[in-house]
Amino acid sequence: MDTVTVDTLAATLQEPKRPLLATVLRVLGQERCATILADTLTCEASGGMLTKDGTRRRTPGGVFFQLVRERVTPQERRRLFPWTAAPSGPKPPQHPPQTPTTLTWDEARTLMQTLTTEPPGEARTMKLTLIGRPGKVETRGQAVVFRMQGKAPGALPRGLPPVPTQTPMTWNVMVALRQWNRVKESLTANEDDQLIIEGYPLVQGSQPVLLAQSCTSVALQRARKQGGQQGTETP
């Protein structure tokens, strides 16, 4: 989405806490909120996030606020969620802080080379999610092909090596024509609508390829949720 507003956040997340959304947008700004919103939609498309006690699935708004809590600074967290601040009282004994070490790419390459001598583990599920707008779309038989260029991530968890300064990968996306026909009208009618594609990533020659297993859009997903809620409320 080009511009993230409180209305955009509230409608996409179906979240009634508009004052808190407004505060998050004011404190974090457009770019950080857009990144967290995209990650929230990715999480929802992948099955969602459970509550802390694991008894139920979080709402989309709950996922968004949880990601905000995880990614803000302590100062920002106190401004956004003052009611979660630690209660006053005797402070625990202070220990000298240990200097955290950050993995370098030289160390990572050495580790990866060492690990090639051991059998790898098994990834029972492997998929890639792309959210955004497609480039030029070409139709061949029962499939469409277009390209989508990635975007460098925001701040990574502490300890990981920095993202290399290189052009993000451009994916050649292949979608079944039947799936594409379900979303193309929404994309054409709404310039702010974005694809949500999940699929199997591979490299063909030197080209990164994503074979889409599911293809929807933010607007269609939002309409589906609203329709489900209206059906639930109908006596």
Would you say [X] has more than 12 foreign heavy atoms packed within less than 6.0 Å of its [atom1]?
X: Arg109; atom1: CZ; value: yes
X: Gln204; atom1: CD; value: no
X: Glu185; atom1: CD; value: no

Measuring only between side-chain heavy atoms, which start at C-beta, is [X] closer than 4.5 Å to [Y]?
X: Trp171; Y: Leu130; value: yes
X: Ile36; Y: Arg71; value: yes
X: Val145; Y: Val173; value: no
X: Phe65; Y: Glu15; value: yes
X: Gln66; Y: Arg58; value: yes
X: Thr170; Y: Pro208; value: no
X: Gln226; Y: Gln14; value: yes
X: Asp192; Y: Thr3; value: no

### Message
Let's go through Leu210 and Glu198 carefully: what are the C-alpha distance in whole Å and the side-chain angles of both, what is the deciding distance for side-chain contact (heavy atoms from CB on, under 4.5 Å) to 0.1 Å, and is it a yes or a no?
### Response
CA-CA 8 Å; Leu210 180 65; Glu198 289 187 350; over 6 Å; no

Can you get from [X] to [Y] by hopping between Ile, Leu, Val, Met, Phe, Trp and Tyr side chains that sit under 4.5 Å apart?
X: Leu25; Y: Val72; answer: yes
X: Leu103; Y: Leu160; answer: no
X: Leu67; Y: Phe64; answer: yes
X: Leu195; Y: Leu211; answer: no
X: Leu9; Y: Met49; answer: yes

### Task
List in chain and number order the residues that pass salt bridge (Lys or Arg N to Asp or Glu O under 4.0 Å) with Lys17, two or more places apart in sequence or in another chain; answer none if no residue qualifies.
none

Kindly compute the distance separating [atom1] ([X]) from [atom2] ([Y]), expressed to the nearest 0.5 Å.
X: Leu13; Y: Leu21; atom1: CG; atom2: CG; answer: 6.5 Å
X: Leu128; Y: Ile197; atom1: CG; atom2: CD1; answer: 9.5 Å
X: Ser186; Y: Gln221; atom1: OG; atom2: CD; answer: 11.5 Å

### Query
Taking it one step at a time, do Leu187 and Gln194 satisfy side-chain contact (heavy atoms from CB on, under 4.5 Å)?
CA-CA 7 Å; Leu187 293 173; Gln194 298 187 75; 5.9 Å; no

For a quick test of reading the model, state the closest non-hydrogen atom pair linking [X] to [Y] and the distance between them.
X: Ser217; Y: Val183; value: N-CG1, 4.3 Å
X: Ala34; Y: Val4; value: CB-CG2, 3.8 Å
X: Leu20; Y: Phe81; value: CD2-CE2, 4.1 Å
X: Phe146; Y: Pro134; value: CD1-CB, 3.4 Å
X: Thr102; Y: Glu107; value: O-OE1, 4.0 Å
X: Pro60; Y: Lys225; value: CG-NZ, 3.4 Å

#### Entry: side-chain contact (heavy atoms from CB on, under 4.5 Å) evaluation trace for Thr12 with Arg222
CA-CA 6 Å; Thr12 304; Arg222 184 188 310 145; 3.3 Å; yes

#### Entry: Glu44/Arg57 under salt bridge (Lys or Arg N to Asp or Glu O under 4.0 Å): CA gap, chis, key distance, verdict
CA-CA 10 Å; Glu44 283 292 289; Arg57 177 175 170 176; 3.1 Å; yes

### Task
Run the salt-bridge test on Arg133 and Asp193 with the 4.0 Å N-O cut-off and return the result as yes or no.
no

### Task
Could you tell me whether Glu138 and Arg147 make a salt bridge, using a distance below 4.0 angstrom between a side-chain N and a carboxylate O?
no

### Query
Under the criterion side-chain contact (heavy atoms from CB on, under 4.5 Å), which of Thr35, Leu41, Leu37 is the partner of Asp39?
Thr35

### Message
Would you say Thr51 and Asp53 are linked by a side-chain donor-acceptor pair, where the criterion is simply a distance under 3.5 Å?
### Response
yes

### Query
Just by distance, with hydrogens left out, do Asp106 and Thr104 show a side-chain donor and acceptor under 3.5 Å apart?
no

### Query
Pairs in or reaching into residues 172-183: which pass side-chain hydrogen bond (donor to acceptor under 3.5 Å, both in side chains), with residues at least two apart or in two chains?
Asn172-Gln207, Asn181-Lys184

### Message
Strictly by salt bridge (Lys or Arg N to Asp or Glu O under 4.0 Å), give each pair with a member in residues 19-35 just once, sequence neighbours left out.
### Response
Arg32-Glu76

### Task
Kindly indicate, with the supporting measurements, whether the criterion side-chain contact (heavy atoms from CB on, under 4.5 Å) is fulfilled by Thr5 and Thr8.
CA-CA 5 Å; Thr5 65; Thr8 301; 2.9 Å; yes

